Visitor: 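After the structure tokens below, expect a handful of questions from me.
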Amino acid sequence: MADKKAQLKIDGFDETLELPIYEGTIGPDVIDVRSLAGLGKFTYDPGFVSTASCESKITYIDGGKGVLLHRGYPIEQLAEHSDFLETSYLLLHGELPTPEEKEKFVDTITHHTMVHEQLAHFFNGFRRDAHPMAIMCGVVGALSAFYHDQLDINDDKHREIAAHRLIAKMPTLAAMVYKYNQGQPFMYPRNDLSYSENFLHMMFNTPAEEKKISPTLARAMDRIFLLHADHEQNASTSTVRMAGSTGANPYACIASGIAALWGPAHGGANEAVLKMLDEIGDETRIDEFLAKAKDKNDPFRLMGFGHRVYKNYDPRATVMKKTCDEVLAELGLEDDPMLKMAMKLEKIALEDEYFQKRGLYPNVDFYSGIILKAIGIPTELFTVIFATGRTPGWIAHWNEMIGNEYRIARPRQLYTGHTQRDYPKK
Ligand code: SDX
């Protein structure tokens, strides 16, 4: 940590405050404001636009340049040369695995893909048409009920087995949610399939018929999981860290991340993009919807556009678009009307002064939904796919916090309510 200082002059205080400034390896410096509490002052930053909540070594984003690094490796290179489980290992351990480490990790994950048979009964409590994210919040949180003897968060081994179980079981649970919605029997995982092949197998095969999984679709699915694996201190990851700071068990923390991800401003955007494209209907109505997106009195936002950090292209969107082209070509859907409309919408928006001035570019959610729809995944399951991909990132951040010094997260406030008053006498 450097010895640069920020000088702060506060009306009513004779002394000029000196606040330490810390430099990261890359990215913005941070000003340590912890001493303000001792003066009875708080910083004020709704939405945490200017607040670093923690120190982390996992992921770095340069929003201006559209850079995303996982433990220093650019997302474009990981998407090209790595796979989801290898990237998960990287996020968890900080280095790419050796071939032996990778083989052991993949084997461990493979042998944790089944869920306790009792867990299947939890589904019966939901309506068949329950939103998949409602079911995921419930069943992932319920996992802790099956591992009560391995929930000591201060035990490295307990934290490691919880990480393996969560990464391994999320695709199984996601596929079970889909099968429950469809009224079809659950499919058991198969240990002879890769992570993403296994997911597509559990999703689209039935006991009556087991089709071979397309390697192109399995590769596309794996890349979608990889592109969602982590993203620094986003809303759901910050939720996982906040829940973890109370000492809650990892299953409860991941369930809290799933709940936060559900919102349309965050992970729910991929589902919202498809609904928006459906609502626009055809290219002649694009201008009408762009006008709505720019109208301050209209709550409509252009889903899949804009980002708190990226004020340039989200590098994941670029890779996602390339994957989109590959999948649609494989499926003979190059002329998919929804893709054509999305590309037209993107072109018009990027040429529009309102979007340019605000640095509003397509984000990871803009194209992912089109690929998922082409693979045959229903719109309502899109955010469950996002949650499955983000699980290693959530766990890596939870582990980084628990494995180091941490305090319970407890923000303060600017109070503008009533001063003390007495209860009216009867
Ligand atoms: C994800 O944080 C992460 O890393 C998230 C994520 C991850 O991997 O974890 O990257 C995943 O959540 C991607 C974002 C998915 N959400 C959407 O696509 C929903 C649409 N986008 C917006 O809701 C919005 O852009 C946010 C929520 C993503 C960002 O909101 P901010 O940073 O609070 O930005 P803002 O609302 O303050 O917007 C700044 C300006 C405003 O206009 P002015 O008040 O300056 O005139 O840009 C406008 C906004 O009105 N604006 C949009 C817009 N997004 C921002 N206007 C129209 N359409 C949009 N999509």
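Just the heavy atoms: all of them, side chains too, but no hydrogens, waters or symmetry mates, feed the values below. Just so it is clear, the structure is predicted and the values come from calculations on it, not from any experiment. Each ligand, and each atom within it, is numbered from 1 in the order the structure gives.
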Visitor: Can you see which heavy atom on Gly47 is nearest to which on Arg308, and at what distance?
Guide: O-NH1, 2.9 Å
Visitor: Ignoring hydrogens and angles, state whether a donor on the side chain of Thr318 or Glu76 is under 3.5 Å from an acceptor on the partner side chain.
Guide: no
Visitor: Would you check the N or O atoms of His307, main chain and side chain alike, for any that come under 3.5 Å of an N or O of ligand 1?
Guide: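 Yes - when backbone and side-chain N and O of His307 are compared with those of ligand 1, one distance drops under 3.5 Å.
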Visitor: Counting heavy atoms only, which part of Asp314 comes closer than 4.0 Å to ligand 1: side chain, backbone, both or neither?
Guide: neither
Visitor: Tell me, which protein residue and heavy-atom name are nearest atom 40 (C) of ligand 1, and how many Å apart are they?
Guide: Arg358 CD, 3.8 Å
Visitor: Please tell me whether Phe122 and His116 form a close aromatic pair, meaning their ring centres lie under 6.0 Å apart.
Guide: no
Visitor: Phe300 near ligand 1, heavy-atom distance under 4.0 Å?
Guide: no
Visitor: Protein heavy atom under 4.0 angstrom of atom 12 (O) of ligand 1, is there one?
Guide: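 It does; a protein heavy atom is within 4.0 Å.
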Visitor: Can you name the atoms of ligand 1, numbered from 1 with element, that are less than 4.0 Å from a heavy atom of Ala269?
Guide: 15 (C), 16 (N), 17 (C), 18 (O)
Visitor: At a non-hydrogen distance cut-off of under 4.0 Å, which region of Lys294 contacts ligand 1 (side chain, backbone, both, or neither)?
Guide: neither
Visitor: Considering only protein heavy atoms, which is closest to atom 22 (C) of ligand 1, and at what distance to one decimal place?
Guide: Phe305 O, 4.0 Å
Visitor: Please determine whether side chain to side chain contact (heavy atoms under 4.5 Å, CB included) holds for the pair Thr237 and Trp398, giving the CA-CA distance in whole Å, both sets of side-chain angles, and the decisive distance to 0.1 Å.
Guide: CA-CA 8 Å; Thr237 301; Trp398 171 76; over 6 Å; no
Visitor: Hey, is Arg34 close enough to Asp32 for a salt bridge, meaning N to O under 4.0 Å?
Guide: yes
Visitor: Return the residue, atom name and 0.1 Å-rounded distance of the protein heavy atom closest to atom 28 (C) of ligand 1.
Guide: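 Looking only at protein heavy atoms, the one closest to atom 28 (C) of ligand 1 is Gly306 O, 3.7 Å.
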Visitor: Using side chain to side chain contact (heavy atoms under 4.5 Å, CB included), reason through Ile371 and Arg223 one step at a time and then give a plain yes or no.
Guide: CA-CA 11 Å; Ile371 305 173; Arg223 192 176 292 167; over 6 Å; no
Visitor: Say whether Ala265, considering both its backbone and side-chain N or O atoms, lies within less than 3.5 Å of an N or O atom on ligand 1.
Guide: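 Ala265 vs ligand 1: N/O contact under 3.5 Å present.
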Visitor: Only heavy atoms of Met303, strictly under 4.0 Å: list the atoms of ligand 1 that pass.
Guide: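 So the answer, numbered in order with elements, is 18 (O), 19 (C), 20 (C).
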Visitor: For atom 8 (O) of ligand 1, is some protein heavy-atom partner under 4.0 Å away?
Guide: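 True for atom 8 (O) of ligand 1.
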Visitor: Report yes if the distance between the aromatic ring centroids of Phe105 and His164 is under 6.0 Å, otherwise no.
Guide: yes
Visitor: Which one holds for His266 and ligand 1: side chain close, backbone close, both close, or neither close, with close meaning a heavy atom under 4.0 Å?
Guide: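 Answer for His266: both.
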Visitor: Would you mind checking which non-hydrogen protein atom is closest to atom 2 (O) of ligand 1, with the distance to 0.1 Å?
Guide: Asn234 CB, 3.4 Å
Visitor: With atoms numbered from 1 as shown, which atoms in ligand 1 lie under 4.0 angstrom from a non-hydrogen atom of Ala293?
Guide: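 Every atom of ligand 1 under 4.0 Å from some heavy atom of Ala293: 56 (N), 57 (C).
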Visitor: Can you tell if the side chain of Met133 reaches within under 4.5 Å of the side chain of Val177, non-hydrogen atoms only?
Guide: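 No, every pair of side-chain atoms sits at 4.5 Å or beyond.
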Visitor: I'd like to know whether Leu339 forms a side chain to side chain contact (heavy atoms under 4.5 Å, CB included) with Leu333, so could you lay out the CA-CA distance, the side-chain angles of the two residues, the decisive distance to 0.1 Å, and finally the verdict.
Guide: CA-CA 9 Å; Leu339 173 67; Leu333 297 173; over 6 Å; no
Visitor: What do you think, any protein heavy atom under 4.0 angstrom from atom 34 (O) of ligand 1?
Guide: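 No.
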Visitor: Strictly under 6.0 Å, is that where the ring centroids of His231 and His266 end up?
Guide: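 No - the distance between ring centres of His231 and His266 does not fall below the 6.0 Å cut-off.
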Visitor: Does ligand 1 have a heavy atom under 4.0 Å from the side chain of Ala272, from its backbone, from both, or from neither?
Guide: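 For Ala272, no heavy atom sits under 4.0 Å from ligand 1.
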Visitor: So for Gly268, does at least one of its heavy atoms come nearer than 4.0 angstrom to any atom of ligand 1?
Guide: no
Visitor: If we count only non-hydrogen protein atoms and require a distance under 4.0 Å, does atom 26 (C) of ligand 1 qualify as touching the protein?
Guide: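 Given the 4.0 Å cut-off, atom 26 (C) of ligand 1 does not count as touching protein heavy atoms.
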Visitor: Does ligand 1 have a heavy atom under 4.0 Å from the side chain of Leu302, from its backbone, from both, or from neither?
Guide: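 Leu302 to ligand 1: contacts from backbone and side chain alike.
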Visitor: Have a look at ligand 1 and work out which part of Tyr310, if any, has a heavy atom under 4.0 Å from it: side chain, backbone, both or neither.
Guide: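 Looking at Tyr310 and ligand 1, no heavy atom falls under 4.0 Å.
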Visitor: Closer than 4.0 angstrom: is that true for some heavy atom of Arg390 and an atom of ligand 1?
Guide: yes
Visitor: Below 6.0 angstrom between ring centroids: does that apply to Tyr251 and Phe146?
Guide: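 Not close enough - the centres of the two rings lie 6.0 Å or further apart.
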Visitor: Before we go on, tell me: are the rings of Tyr361 and Phe366 under 6.0 Å apart, centre to centre?
Guide: no
Visitor: If the cut-off is 4.0 Å to any non-hydrogen atom of Arg308, which atoms of ligand 1 fall inside it?
Guide: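 Listed by number with element, the hits are 29 (C), 31 (P), 32 (O), 33 (O).
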Visitor: Please confirm whether Arg316 approaches ligand 1 to less than 4.0 Å, judged on its heavy atoms.
Guide: yes
Visitor: Checking Arg358 against Tyr354: charged group under 6.0 Å from the ring centre and within 45 degrees of the axis?
Guide: yes
Visitor: Should the pair Glu405-Arg407 be classified as a salt bridge under the 4.0 Å nitrogen-to-oxygen rule?
Guide: no
Visitor: Can the ring centres of Phe289 and Phe300 be said to be less than 6.0 Å apart?
Guide: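 Yes: the rings meet the under 6.0 Å criterion.
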Visitor: Identify the protein heavy atom lying closest to atom 56 (N) of ligand 1, giving its residue, its atom name and the separation to 0.1 Å.
Guide: Tyr354 OH, 3.2 Å
Visitor: What residue and heavy atom of the protein are closest to atom 44 (O) of ligand 1, and at what distance?
Guide: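 Nearest protein contact, heavy atoms only, for atom 44 (O) of ligand 1 is Lys296 NZ, 3.9 Å.
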Visitor: Using protein heavy atoms only, decide if any is under 4.0 Å from atom 30 (O) of ligand 1.
Guide: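 No, there is no protein heavy atom closer to it than 4.0 Å.
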Visitor: Could you tell me whether Lys102 and Asp83 have a side-chain N and a carboxylate O separated by less than 4.0 Å?
Guide: yes
Visitor: Mind checking whether His228 contacts ligand 1 via backbone (N, CA, C, O), side chain (CB onward), both or neither, at a 4.0 Å heavy-atom cut-off?
Guide: neither
Visitor: With atoms numbered from 1 as shown, which atoms in ligand 1 lie under 4.0 angstrom from a non-hydrogen atom of Gly304?
Guide: 17 (C), 18 (O)
Visitor: Within 45 degrees of the ring normal and closer than 6.0 Å to the centroid, is that where the cationic atom of Lys321 sits relative to Tyr367?
Guide: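 Relative to the ring axis of Tyr367, which defines the angle, Lys321 lies inside both limits.
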Visitor: May I ask whether Asn363 has any heavy atom positioned less than 4.0 angstrom from an atom of ligand 1?
Guide: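 Distance cut 4.0 Å: Asn363 passes for ligand 1.
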Visitor: Among all the protein's non-hydrogen atoms, which is closest to atom 36 (O) of ligand 1, and how far away is it?
Guide: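 Its nearest protein heavy-atom neighbour is Arg301 NH2, 3.9 Å.
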Visitor: Could I get the full list of side chain to side chain contact (heavy atoms under 4.5 Å, CB included) partners for Lys211, not counting sequence neighbours?
Guide: Asn205, Glu209
Visitor: How close does the nearest protein non-hydrogen atom get to atom 51 (N) of ligand 1, and which residue and atom is it?
Guide: Leu360 CD1, 3.7 Å
